[in-house]
Every structure is written in structure tokens, then in C-alpha cells.
There are 2 protein chains.
Amino acid sequence: MKLADFLLTSVPFSQEELNDILSHFEKEYVKKNQVLIREGRVCNKLYFVDLGMGRSYYLKKDGKEVTQWFFGAGEFMSSADSFFKQTPSFYYLEILEDSIVYSISNENMDFLLAKYHKMEKFIRLLAIDILSNVILKLNAIQFQTARERYDYMISEFPDISHRVPLSHIASYLGMTQETLSRIRRNDS
Amino acid sequence: MKLADFLLTSVPFSQEELNDILSHFEKEYVKKNQVLIREGRVCNKLYFVDLGMGRSYYLKKDGKEVTQWFFGAGEFMSSADSFFKQTPSFYYLEILEDSIVYSISNENMDFLLAKYHKMEKFIRLLAIDILSNVILKLNAIQFQTARERYDYMISEFPDISHRVPLSHIASYLGMTQETLSRIRRNDS
DNA sequence: TTTACTTTTTGATATAGGTCAAATGGAGAT
DNA sequence: ATCTCCATTTGACCTATATCAAAAAGTAAA
């Protein structure tokens, strides 16, 4: 879904409001492997993935990467609490394929939030959607077997396994890549 | 923290606005073990715990209860996505001790959200705070040992272990009560 | 205080998934 | 085609935590 449609789907902005809002976003072409924000830095942009995909991840003390989330086309991508609270990010944000994104700075977002009551509503709804998704994942991790988590992911994101390295998917699912490899082998 | 203070801490409401907002909440005295909302029902109240505590939990297929979250005094309590999206709740909400809560209906909340731009902002910030907390827990569950999770919980909520049954804490931490009991024994 | 009931602890055993190490496979560069 | 470099798979073994079962400790009622 495109950014304009995404905005309109949850809040009925007028054409004029929509144009104003969109004008505060900037189109960016981002190359594969580019890091958008690093752990410990304040995330001052919110991204909408128009085409391509990205992920958030962090490093464990032993230096291993742990994928926290994947962001596909038609989704907002950011270190949400860092962006909205202007606190240091716990995560890295990285682009996984050559992508087109629309970004908005924190200053522009604050401007729009202050200007439009409807913009506050839009972001509130966005935050609640993200929250639902995180809660779903928390339940999956806490109470499903490695196999069940994998099956769920495949049913939800059938193409992801062809687009990103196994190791990213494994850490996203909270298991080692060896375990994921074995699960895959036993596929029917 | 009291409800009025909580509101003022994140958004500078005027005294008049504050009074109007507070007038849409209703004070309720809730007895221990009372269930505020059941799985599958739409949650139409948001609660602020003034005194006492509650939890959210769900039932696994095998009938076991899994505590999802504890809500202490000075915190909002609800099945957030059910309340704000008016969709069936995945959880039960239950009061664990005789408590005093302030509740607001979904209709009143919608009224306030539409009336006050600042109210939208308040709820947006609240949603983002909840999101941060859920993400922290997700990381803990995904990548810490049972022991580490327990130690973390004790440091954050030192008194909880005296106020609720072991089994609730164990399932909250994603482990069996036998494991939690053994961890406790090895405390220094 | 005795009885009945619930919660917590302890013990013995099982298992999912982790760790470490090596082998295989694939993709790009020369 | 061959070499190099990573990604993936496989194998052998290990460990944290679950499961099942029973004992002990608390709590409340009679």
C-alpha cells in the first residue's frame, strides 16, 4: 500500500491536509545493507517503506545479532519509542534490499502532530497497531514451540524466507540457525 | 501516582480541561478476584488503578492460565488493543486485591479524544509507553535465562512476589512454577 | 486443634533446543 | 571453470527447563 492510502485508511484527511502532510515526507532511495540508525543514537526519522524491506536488530553482549522485526513494503519502519520519545534507540535499523522509503523528521512530525488533531489520531492508531503486533509476537515466543513459531511465520509472511538470510529469521523467531535449518528439513 | 498527576505529567492540560476529563471517569471499588473483562468480549472500559493491583492473563488450549501483565497502583490497566480498536480481547483482566480504580467507557474516551487534541496526544504517548514496556519484556523472554528474568522482575517490582501467587509470577516470566520455586531457593 | 484444601517445594526423569565443530553448497570474482 | 568466501546443513553431545509425582507447608473453616 502506498503512503497516501495508508494515511487515509485510518483517518479521513482532506485532500488539502493530505498534501500538506505528504509534503513533509522526503523520498529516499536506500541501498541494501545501509544502516538507518544505530543503537544508542536517537532515532530522528520515521520511515515508510514504499518498496523493499528492512529490519531492526540489536547486538547481544556476545556480539550476536538478534533480529527484532522485519518491515515490508507498505509499513512504517522505525525505532518507535526512540523516535517518539527522543531517547536512545535500543536497536539498529537496517535496509535489507535496495529500497524506496519516505522519511519524516521528528521536527516535521512534531509540527504535524501539533497542527492537526487528526495527525495525533493517526499516530495513536499506528502505535496501537504496532502494540498489537508486538503482543502477538510476545505470546508466540513465550508459549509456542520453535516449530509452531516457524509455521506461523511462514503462513503470515510466505515470501520472507526467500528474501532474507536464514540467520536473521532464526534470531527473529528466537532460535538458533541450526535449529531453524533442522525444522525446515522436516518440512513435508 | 494519582490519575490527575498522571495526566499532567505527560501533557499540560489546563485546570478546566483536567476537570472535564476527570469528570468522565468513574470511581469503582473492586473486590479481589473480580474479572473485569473476559476473553472474546470487547473491552469497553479503560481502568486506572488508584490502589491495589490487577493482571491480564489468557488460557492456553490445555486450560492453563498464563499471566500476561501485572498492573499496579498508578498505572492504566486494560486490554489496550481491544479497548481502542473495539475488537474481541485476547485476555482476561482480573483484580488481584481489593482495589480502587477509575474507569472510563469507550464512548467517553472517544468523546474526549474528539474534543481535545491534547487528549489524543496523551493517549498516543501512553500507547508508546506501553509499547516500550512490552518490547522490553519481549527481549527479556527471548534472550535471558529463567534466572535473569526473575532477577530483573525482582529489581523492578520488589514487592510483587509477596502480593501474588507464585504461579502467576511464573507464567508471567514464561516458566513453570517448579522452576521458579527452585530459582527462589537458590537465592542468596 | 483437627480437618480439608490450596500453594509451594522437592525429587526423579525426559526433552527441546543450544553449542561446537565439521562438511556441504552457492554465488560472485578472476 | 576454478577459487574464495559466506550461508546452510549435518552430526554429536550437552544443558536448561519441562513434566510428572509426591511430600511438605500454609491457610481457613469447623
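Reckoned from all heavy atoms, side chains included, excluding hydrogens, waters and symmetry mates. This structure is a prediction, so every number in the text was calculated from the model and none was measured. Residue numbers begin at 1 in each chain, while the letters A, B, ... track the order of the sequences.
One distance of note links OG of Ser89(B) with CZ of Arg38(B); it measures 11.5 Å at 0.5 Å rounding.
Between Phe70(B) and Phe157(B), the distance separating the two ring centers is not shorter than 6.0 angstrom. Checked against the 6.0 Å centroid criterion, the rings of Tyr116(B) and Phe122(B) do not qualify as a close aromatic pair.
Axis deviation across the helix from dT1(C)-dA30(D) to dT30(C)-dA1(D) amounts to 40°, comparing end segments of five pairs, rounded to 10 degrees.
By the side chain to side chain contact (heavy atoms under 4.5 Å, CB included) test, Ser14(B) pairs with Glu16(B), Glu17(B), sequence neighbours left out. Every residue two or more places apart in sequence or in another chain that forms a side chain to side chain contact (heavy atoms under 4.5 Å, CB included) with Lys60(A) is listed here: Tyr58(A), Asp62(A), Lys64(A), Val66(A), Phe143(B). With sequence neighbours excluded, no residue forms a ring-ring contact (aromatic ring centres under 6.0 Å, His included) with Tyr102(B).
Counting heavy atoms of neighbouring residues, nucleotides and ligands inside a 6.0 Å radius, atom NZ of Lys85(A) exceeds 12 of them.
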Given protein heavy atoms under 4.0 Å, the one-letter contact record of nucleotides 13-20 of chain C, with B base, S sugar-phosphate only and - none, is simply ----SSBB
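Side-chain contact between Met109(B) and Ile123(B): present, with at least one pair of heavy atoms (C-beta onward) separated by less than 4.5 Å.
Using bins of under 30°, 30° to 60° and over 60° for the plane-to-plane angle, the ring pair Tyr92(B)/Tyr57(B) lands in the parallel bin.
On the nucleic acid side, DNA chain D has its first and last nucleotide under 4.0 Å of a heavy atom of chain A at dT8(D) to dA12(D), going 5' to 3'.
Looking only at atom types and distance, the side chain of Ser103(A) has no donor-acceptor partner in the side chain of Glu26(A) under 3.5 Å away.
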